Protein chains: 2
Amino acid sequence: MPEAAIVHIVDDDASLGEALASLFRSVGLEPRLYGSAQAFLDAELPDAPGCLVLDVRLPGLSGLDFQAQLAQFGIGLPVVLMTGHGDIPMSVRGMKAGAVDFLPKPFREQDMLDAVTTGIERDRQRRAADGGRRALEERFATLSPRERQVMALVTAGKLNKQVAGELSLSEITVKIHRGAAMRKMGARSLADLVRMAEALHVGA
Amino acid sequence: MPEAAIVHIVDDDASLGEALASLFRSVGLEPRLYGSAQAFLDAELPDAPGCLVLDVRLPGLSGLDFQAQLAQFGIGLPVVLMTGHGDIPMSVRGMKAGAVDFLPKPFREQDMLDAVTTGIERDRQRRAADGGRRALEERFATLSPRERQVMALVTAGKLNKQVAGELSLSEITVKIHRGAAMRKMGARSLADLVRMAEALHVGA
DNA sequence: CCAGCGTTCATATCTTCGTATGAGCGGCGC
DNA sequence: GCGCCGCTCATACGAAGATATGAACGCTGG
């Protein structure tokens, strides 16, 4: 059974927000209502897959600007945009910014559900990929500076002897750092380490 | 100096097509005109970075359907959509399908140029990435079946001895295949071979 | 039929890797 | 100051890898 998903609804129209909330509840999704972009930013982001439903017309800044701002903050939550008075350039801008969908009001409930479902699925995959990456980064963080250098050169295909030359070390020392890097990264083979370095962009 | 880029224009309105063609020529891009989707498909695709400008309303099939069809044929050429009578769902569909932009007529010339420039840049990068991949696949195609098996297991991190066990071979034979694979693939280190295997999805 | 290729294996040699054991040095914090 | 940690290096041994030489078998295509 998949983890419970949360739908964040940012809309200044409370009655529409409630309608959406009840729609999402009816299919087993947990809705959260926010009256403004700021209210969403102030709230804690739960550690669960989710999706953001955003009205383009918001008090303060536009939903499109808000969308761009989220990306700047590193919030990768998928966004579904909706609007009552939209035009094509607006929708294109939203989609270019990575929105899952752009729904003109009035929309069919099923379209909204489809969009949110797609967004949640996208978030699930992003979170899974991110999770693996973060675990890698945590392990990489435990490496000493020397160990990182050695790891970078070794995964670039250099021999211990060559690494020793480039770093002005003895080959023995390189072996020690290499072994430590393998152990700390949890790599059971050089191939593993190479793939980890690839995912971490080490050496780039 | 970057390679000359080609703009493919598919539009049944010849006068508009000509206007676009002259616009693109004015900025040093080579335009090619097609009166229908079929005419484009029948033509030879030049080996140069390019971009496809497509009217959504076409005789026969719609520009959106054509766009989907191109993807099926494995034609990754970036698409810029334009239309005289479009709506938001249409633009969203086009953008979801990966269009670079969706321009309602009348559009500013600069917007079209920006879109096409973006498309060409995207194509340049795609072609560069694809080129590297194809070169890899060509080399991989020269490997004998055994060499591929050995390469898969070796890049999975197994020792020669383990590979020999799994394939019921002697360790010496494994070494020979391994060496042949390295030579044929042009890998100068195991790390190289691992990255190649990764790019080729070998072992997946 | 035979040349070529892929596959298999042995022997031999050299290099490289992995790791353990032991040890010295410098910085940082309690 | 003393312990911890990172960094350094040496010696030593066994495992693993790379390569060359030589050789055998079967299949396929000219």
Side-chain angles (χ1 to χ4, degrees), chain A residues 134-203, chain B residues 135-204:
Chain A
R134 251 196 298 278
L136 266 192
E137 275 166 2
E138 276 171 29
R139 277 177 272 174
F140 188 68
T142 69
L143 297 195
S144 73
R146 269 304 197 214
E147 286 160 356
R148 288 179 210 189
Q149 287 181 315
V150 171
M151 173 173 167
L153 294 172
V154 162
T155 54
K158 317 240 175 175
L159 300 179
N160 287 345
K161 186 180 292 186
Q162 294 174 306
V163 175
E166 288 196 32
L167 299 180
S168 298
L169 296 176
S170 85
E171 198 181 332
I172 296 90
T173 307
V174 171
K175 286 186 185 182
I176 293 175
H177 290 315
R178 180 180 185 148
M182 294 277 287
R183 205 170 350 93
K184 289 185 181 179
M185 293 301 292
R188 281 172 307 179
S189 67
L190 175 58
D192 275 2
L193 199 67
V194 170
R195 270 181 283 265
M196 290 177 184
E198 198 75 348
L200 289 168
H201 311 117
V202 172
Chain B
L136 267 191
E137 276 166 2
E138 277 172 28
R139 277 176 272 171
F140 188 67
T142 70
L143 296 195
S144 72
R146 271 300 198 215
E147 285 160 358
R148 287 179 210 189
Q149 287 181 316
V150 170
M151 172 173 168
L153 293 172
V154 162
T155 55
K158 317 237 174 177
L159 301 178
N160 286 344
K161 187 178 295 186
Q162 295 173 304
V163 176
E166 290 196 32
L167 299 181
S168 298
L169 296 175
S170 85
E171 198 179 332
I172 295 94
T173 306
V174 171
K175 287 185 185 181
I176 293 174
H177 290 316
R178 180 180 184 149
M182 294 278 288
R183 204 169 353 90
K184 290 186 181 178
M185 293 300 291
R188 281 172 308 180
S189 65
L190 176 59
D192 273 3
L193 198 68
V194 170
R195 268 181 284 267
M196 291 177 184
E198 198 75 348
L200 289 167
H201 313 114
V202 173

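Letters A, B, ... are given to chains in the order of the sequence lines, protein chains preceding strands, and every chain is numbered from 1. Remember, it's a predicted structure, so these values are computed and weren't measured experimentally.
Counting to the nearest Å, the P atom of C:dT19 and the CE atom of A:M182 are 7 Å from each other. Note: CG (A:L193) to P (C:dC17) measures 14 Å, nearest angstrom. When the P atom of D:dC7 is taken as reference, atom CD of A:Q149 falls 9 Å away, rounded to whole Å. Atom CG in A:L143 sits about 16 Å away from atom P in D:dC5, given to the nearest Å. What separates CG of A:L190 from P of C:dC17 is a distance of 9 Å, to the nearest Å.
Looking only at side-chain heavy atoms (C-beta outward), B:M185 and B:L136 come within less than 4.5 Å of each other. Between A:R139 and A:L200, every side-chain heavy-atom pair lies at or beyond the 4.5 Å cut-off. Looking at B:E198 and A:E198, their side chains never come closer than 4.5 Å, going by heavy atoms from C-beta outward.
In terms of modelled atom types and a separation under 3.5 Å, the side chain of B:R148 and the main chain of B:A141 share a donor-acceptor contact. Looking at B:R146, its side chain never comes within 3.5 Å of a backbone N or O of B:V174 through a donor-acceptor pair.
Contact detail for B:A191 and A:A156: the closest heavy-atom pair is CB-C, 4.3 Å. Nearest heavy-atom pair, A:M151 versus A:A181, reported as atom, atom and distance to 0.1 Å: CB-CB, 4.4 Å. The two residues B:D192 and B:R188 come nearest to each other via the heavy atoms OD2-N, 3.3 Å. Minimum heavy-atom separation, A:L193 to A:M182: CD2-SD, 3.8 Å. Pairing each heavy atom of A:S189 with each of B:G157, the nearest pair is OG-CA, 3.3 Å.
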Could you run down the sub-3.5 Å N/O contacts of the protein with nucleotides 23-25 of chain C?
none

Set out, line by line, the N/O atom pairs under 3.5 Å between protein and nucleotides 8-16 of chain D.
from   : atom 1 : to     : atom 2 : distance (Å)
D:dT8  : OP1    : A:R146 : NE     : 2.7
D:dT8  : OP1    : A:R146 : NH2    : 2.6
D:dT8  : OP2    : A:R146 : NE     : 3.1
D:dT8  : OP2    : A:H177 : NE2    : 2.9
D:dC9  : OP2    : A:S170 : N      : 2.9
D:dC9  : OP2    : A:T173 : OG1    : 3.2
D:dA16 : OP2    : B:K161 : NZ     : 2.7

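Of the options B:N160, B:L159, B:V194, a side-chain contact (heavy atoms from CB on, under 4.5 Å) to B:V154 is made by B:N160 and by none of the others.
In the helix from C:dC1-D:dG30 to C:dC30-D:dG1, the end axes, each obtained as the rotation axis mapping the C1' atoms of four pairs onto the next four within a five-pair block, lie 40° apart to the nearest 10 degrees.
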